[in-house]
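Sharing a structure here in structure tokens format.
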Number of protein chains: 2
Amino acid sequence: MTKGEDTKQAILERASQLASRIGLETLTIGRLATEMGLSKSGLFSHFGSKEALEVQVLEFTAQDYRAKVVVPAFQMKPGLPRIQALFDNWLDWVTINTQEGGCLFVQAATELDDRPGMPRDYMEKWQQLWFETLAEAARRAINEGHLRADLDCDQFAFQFNAILFGYHNSQRMLKDPRAEGYARAAIAGLLAHSRA
Amino acid sequence: MTKGEDTKQAILERASQLASRIGLETLTIGRLATEMGLSKSGLFSHFGSKEALEVQVLEFTAQDYRAKVVVPAFQMKPGLPRIQALFDNWLDWVTINTQEGGCLFVQAATELDDRPGMPRDYMEKWQQLWFETLAEAARRAINEGHLRADLDCDQFAFQFNAILFGYHNSQRMLKDPRAEGYARAAIAGLLAHSRA
DNA sequence: GCCAGATAAGAACGATCGTACTATTGTGTC
DNA sequence: GACACAATAGTACGATCGTTCTTATCTGGC
């Protein structure tokens with residue numbers, strides 16, 4: 001990898017961290033440059049515009065998310081183990097993981113929902129993919145005989161995702177130590193009532 | 001009500017709308033002044049600081065929320081009718097209602113979670129109150145014999161709230177027309193499995 | 001070790017931010 | 001209707017925003 005590409009990746013990594021805490025809009029070229037020890041224009045020239053930076057931050061984070069949450073889960077056996085892994089990996093991603101400000105996608109989802117533009121377009125596409133991933137995992141669980149055949153997989157994906165959002169809020173805004181327990185119990189309940 | 005108090009209320013109403021769309025941070029004194037047909041300094045003098053404005057926007061919205069979501073629900077008979085009303089009223093608040101950018105509290109919760117200060121403090125206090133309100137409604141439902149006696153009311157509040165967040169996201173980011181159906185089904189499921 | 005091109009820095013731009021001050025206009029009271 | 005004071009406007013401030021353009025430094029292939 002060339003030198004320029006190297007620093008660009010480093011910038012995106014730092015930007016992803018920062019954006020998960022303060023948001024994409026509040027993330028500023030000047031501040032990011034200072035934190036990276038670069039000049040404003042030096043950093044800027046890697047992206048060409050603030051909007052392009054935002055999109056690439058989302059892309060970078062999506063790649064990380066795939067590698068740490070989705071791919072390991074799909075290496076598990078299909079069915080309940082895979083679904084449970086999706087949840088566990090996501091919990092690690094949000095809490096233990098690099099994402100010091102929680103999940104950037106949760107942050108960006110509410111920040112971008114009323115702000116048209118390329119970042120919003122990317123975010124919407126990504127979230128559709130995420131829901132499809134969840135629904136697909138549920139479909140495989142039906143095939144395995146783990147979940148009941150008449151389960152609405154889109155409904156399942158909705159509820160699974162809702163628990164993640166609920167956890168993220170209770171964990172980060174309320175700092176409620178019981179949040180993880182609540183989320184685990186909610187997932188367990190969802191799985192129990194979806195069983196064959 | 002004096003003249004100054006009158007315009008101040010009008011400012012807060014407009015600010016609440018705007019903030020629900022673009023966020024508290026992006027909400028700007030200059031832009032708000034322009035939209036209100038006031039001068040920047042004229043508007044500013046009502047609040048004294050940006051942070052104070054943000055807090056008062058949250059307070060204003062909380063008052064509205066109470067009047068449109070909580071109070072009408074608690075005028076319903078305790079138990080399931082009241083819980084169902086809390087959900088229905090919230091749906092109206094987010095979709096039909098004045099909140100053109102969705103629920104300001106959902107927006108502010110993710111925006112403020114990593115930003116210390118008085119707005120965050122107020123937001124946290126408010127959300128604790130909201131969870132307590134939900135748990136209290138569940139406790140009353142147990143007393144009425146509508147929900148089972150061993151129900152964990154805090155767990156119930158967590159899951160109820162999670163569904164609201166999930167709906168908010170699917171409705172506003174994905175613009176998924178099935179979002180309301182998913183949310184209604186999820187609430188129905190939660191109530192079914194909490195029944196006596 | 002030179003040289004082309006990649007990479008970064010520097011300086012400047014108009015715009016807008018929050019805030020402080022002063023001046024003007026409006027309102028309600030006697 | 002004059003007067004005290006509330007309400008709003010005007011102006012200016014330093015800081016920072018995203019972006020452009022020009023200049024300097026670094027890197028890798030011959």
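Reminder, nothing fancy here: chain letters follow the sequence lines and each chain counts from 1.
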Query raised in the report: Tell me: CG of D6(B) to P of dG26(C), nearest whole Å?
Result: 17 Å

Query raised in the report: Rounded to the Å, how far apart are E5(B) CD and dG26(C) P?
Result: 21 Å

Query raised in the report: Applying the 4.5 Å side-chain criterion to the ILVMFWY set and letting contacts propagate, would F105(A) and V55(A) be lumped into a single cluster?
Result: no

**Report entry** Salt-bridge present (D121(A), K125(A); N to O < 4.0 Å)
**Finding:** no

Query raised in the report: Do Q107(A) and D113(B) meet the criterion of a side-chain donor-acceptor pair at a distance under 3.5 Å?
Result: no

**Report entry** Footprint string (nucleotides 13-30 of chain D, 5' to 3'): B base within contact, S backbone only, - free, heavy atoms under 4.0 Å
**Finding:** ----BBBB----------

Query - E54(B) bridged to R115(B) by N-O distance under 4.0 Å - result: yes

**Report entry** Whole-Å gap separating C1' (dA6(D)) and NZ (K8(B))
**Finding:** 13 Å

Query raised in the report: Base, sugar-phosphate, or nothing for L43(A), non-hydrogen atoms under 4.0 angstrom?
Result: nothing

Report task. Give a yes/no on whether any side-chain N or O of T2(A) is located under 4.0 angstrom from OP1 or OP2 of dA6(C). Result -> no

Query raised in the report: Does H46(A) place a side-chain N or O at less than 4.0 Å from the phosphate oxygens OP1/OP2 of dA6(C)?
Result: no

Query raised in the report: Should L24(A) and I22(A) be counted in the same cluster of Ile, Leu, Val, Met, Phe, Trp and Tyr side chains packed under 4.5 Å apart?
Result: yes

Query raised in the report: W130(B) and Y65(B): aromatic ring centres closer than 6.0 Å?
Result: yes

